[in-house]
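Down below is the structure, laid out as structure tokens.
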2 protein chains.
Amino acid sequence: MIQAQLQTQTRADEAFDCLQTAIVKGDLAPGEKIGEVELCSRLNLTRGPLREALGRLESRGLLVRRPHAGVKVVSVSAAELLELYRIREVMEGLAARQAAERMPDEEIRDLLATLDSHEKMIEEAQGQAYYQAEGDYDFHHRIATGSRNAKLAQMLLGDLYYMVRMYRYRLSTSAGRPHMALGEHRRIVEAIAQRDGELAEFLMKRHINAARKNIEKKIQEGVLTI
Amino acid sequence: MIQAQLQTQTRADEAFDCLQTAIVKGDLAPGEKIGEVELCSRLNLTRGPLREALGRLESRGLLVRRPHAGVKVVSVSAAELLELYRIREVMEGLAARQAAERMPDEEIRDLLATLDSHEKMIEEAQGQAYYQAEGDYDFHHRIATGSRNAKLAQMLLGDLYYMVRMYRYRLSTSAGRPHMALGEHRRIVEAIAQRDGELAEFLMKRHINAARKNIEKKIQEGVLTI
DNA sequence: CCTCTCACGATTGTCAACAATTCGACCTAC
DNA sequence: GTAGGTCGAATTGTTGACAATCGTGAGAGG
């Protein structure tokens with residue numbers, strides 16, 4: 001069944017996913033110029049589908065492309081990372097509010113259970129940053145889809161998160177605010193469970209704002225240089 | 001000079017722009033299935049660049065594509081249009097706030113002058129909806145770029161506005177709130193000129209919220225059926 | 001010694017043909 | 001008469017070769 005799903009996926013889609021994760025994980029360094037033929041041999045396909053994938057990646061802002069000059073991975077400054085968090089603040093605030101209005105009870109229960117398991121994992125793994133980052137990603141992912149706003153979810157999941165994760169991987173998952181973030185997550189979900197959209201939006205905005213300030217502080221301290 | 005600009009533009013870009021405007025203007029009806037070979041003959045190019053353009057359009061959400069089944073123009077419901085306005089509310093609110101912090105004085109003066117000329121145009125043309133829509137588009141465009149937030153501007157100008165304009169054209173430019181919107185625009189710019197980001201954000205959010213409610217009302221009245 | 005020009009190489013953009021898959025129509029069976 | 005299956009054609013996905021363009025290096029001139 002899952003094979004059929006993969007089978008219907010075209011090779012351009014495959015290349016798109018592969019390159020996207022490669023960029024996010026940092027396997028392709030930002031600013032790195034990549035040749036098409038080299039990628040073709042590495043991904044086992046020809047330049048037709050590859051160019052289609054490159055076009056889609058460019059459209060999403062992960063690549064920059066100059067005609068006849070080649071494509072290179074987008075290189076973003078620290079200032080731009082902070083700008084991304086400003087956008088996240090308002091968009092995820094909206095997502096939280098709409099999730100409070102529309103998220104089914106079952107999904108909320110699931111989300112709470114996931115928070116519990118994440119909490120256990122983190123306590124057992126003693127601040128294993130990986131689980132924290134993964135849990136954080138999962139949480140925001142669910143809120144976005146829970147908003148039942150298709151375009152909003154698409155913009156968050158398809159555009160912003162990939163760029164944010166790109167930095168996350170590079171900065172070794174920022175690794176700040178160990179389980180403080182989890183408490184904030186829990187309160188946001190509680191507000192959603194109580195169908196208090198205004199509160200959920202406020203808490204989410206504050207949550208992301210805190211994360212942004214944390215990054216800002218680290219940059220000023222010189223810990224993070226991008 | 002502009003020729004050189006066009007010359008460096010590749011044929012895929014050309015096709016992309018052409019199709020985008022065609023979709024926005026409604027020349028390609030939503031839900032319409034389009035064949036690749038027909039488009040090729042109409043745009044005078046081969047399927048290689050065309051497919052690249054189609055991929056980019058799909059990535060932006062203007063087309064939906066099922067493998068081996070062809071592409072069709074996205075068809076959106078009235079509910080989804082309202083969701084777009086919810087997103088615009090928070091994102092353009094942020095844009096207004098950041099514009100108040102960063103927009104150069106010269107740009108603000110220019111914007112004010114543009115508002116004046118638009119006001120004259122509208123009074124002379126007695127509610128020619130075209131100028132109103134054009135002026136509205138211009139206004140929001142300038143605020144987005146004025147925010148000096150590259151990603152925010154990209155998302156607004158590259159994603160949301162095209163979808164909104166798609167509806168605008170179809171609904172004969174909604175044609176509501178004749179120069180009431182212009183007054184709201186002026187007050188927003190005044191807040192930006194006074195560098196009052198909080199007020200600018202509030203006014204912008206209210207402005208878009210009013211537009212959304214106006215559309216919502218018309219839909220309920222049955223004037224607009226999408 | 002520096003700078004400008006020109007040509008070469010490499011890479012990208014484009015094209016036309018081949019293979020794979022889906023949609024529709026027709027036919028058969030119940 | 002309807003439901004199911006099968007076959008064919010049209011459309012999409014993919015491939016490899018051709019043409020256009022840019023970056024780089026060498027060479028000549030100042």
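Protein chains get the first letters and strands the later ones, always in sequence-line order, with residue 1 at the start of each.
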Give me each pair satisfying salt bridge (Lys or Arg N to Asp or Glu O under 4.0 Å) with a member in residues 64-82 of chain B, each pair once, sequence neighbours excluded. A:E52-B:R65

Report the residues that fulfil side chain to side chain donor-acceptor pair (under 3.5 Å) with A:E58, sequence neighbours left out, ordered by chain and then residue number. none

Gap between atoms CG and C1', on B:L45 and D:dA19 respectively (whole Å): 16 Å

Is the side chain of A:R60 donor-acceptor paired with the backbone N or O of A:G158 at a distance under 3.5 Å, no angle test? yes

Look only at the side chain of A:E32 and the backbone of A:A29, and say whether a donor-acceptor pair between them is shorter than 3.5 Å. yes

Considering residues at least two apart in sequence or located in another chain, which fulfil the side chain to side chain contact (heavy atoms under 4.5 Å, CB included) criterion with A:V189? A:I108, A:L111, A:L112, A:L115, A:F139

Please list, chain by chain and in numerical order, all residues satisfying ring pair (Phe, Tyr, Trp, His ring centres under 6.0 Å) with B:Y85, sequence neighbours excluded. none

Interface polar pairs with nucleotides 10-13 of chain D, N/O, under 3.5 angstrom:
{"from": "D:dT12", "atom 1": "OP1", "to": "B:E36", "atom 2": "N", "distance (Å)": "3.4"}
{"from": "D:dT12", "atom 1": "OP2", "to": "B:E36", "atom 2": "N", "distance (Å)": "3.3"}
{"from": "D:dT12", "atom 1": "O3'", "to": "B:H68", "atom 2": "N", "distance (Å)": "3.4"}
{"from": "D:dG13", "atom 1": "OP1", "to": "B:H68", "atom 2": "N", "distance (Å)": "3.4"}
{"from": "D:dG13", "atom 1": "OP2", "to": "B:R51", "atom 2": "NH1", "distance (Å)": "2.3"}
{"from": "D:dG13", "atom 1": "OP2", "to": "B:R51", "atom 2": "NH2", "distance (Å)": "3.1"}
{"from": "D:dG13", "atom 1": "O5'", "to": "B:R51", "atom 2": "NH2", "distance (Å)": "3.4"}
{"from": "D:dG13", "atom 1": "O3'", "to": "A:T10", "atom 2": "OG1", "distance (Å)": "3.0"}
{"from": "D:dG13", "atom 1": "N7", "to": "B:R47", "atom 2": "NH2", "distance (Å)": "2.6"}
{"from": "D:dG13", "atom 1": "O6", "to": "B:R47", "atom 2": "NH1", "distance (Å)": "3.1"}

To the nearest Å, give me how far apart CG (A:D13) and C1' (C:dT21) are. 15 Å

Between its two end axes (five pairs each) the helix from C:dC1-D:dG30 to C:dC30-D:dG1 turns, nearest 10 degrees, through 10°

Checking A:T145 against A:M103 for the side-chain contact (heavy atoms from CB on, under 4.5 Å) test, could you report, in this order, the C-alpha distance in whole Å, the side-chain angles of both residues, the deciding distance, and whether it holds? CA-CA 9 Å; A:T145 57; A:M103 203 173 188; 6.0 Å; no

Would the distance check show the side chain of A:R11 and the main-chain N or O of A:N44 forming a donor-acceptor pair, the cut-off being under 3.5 Å? yes

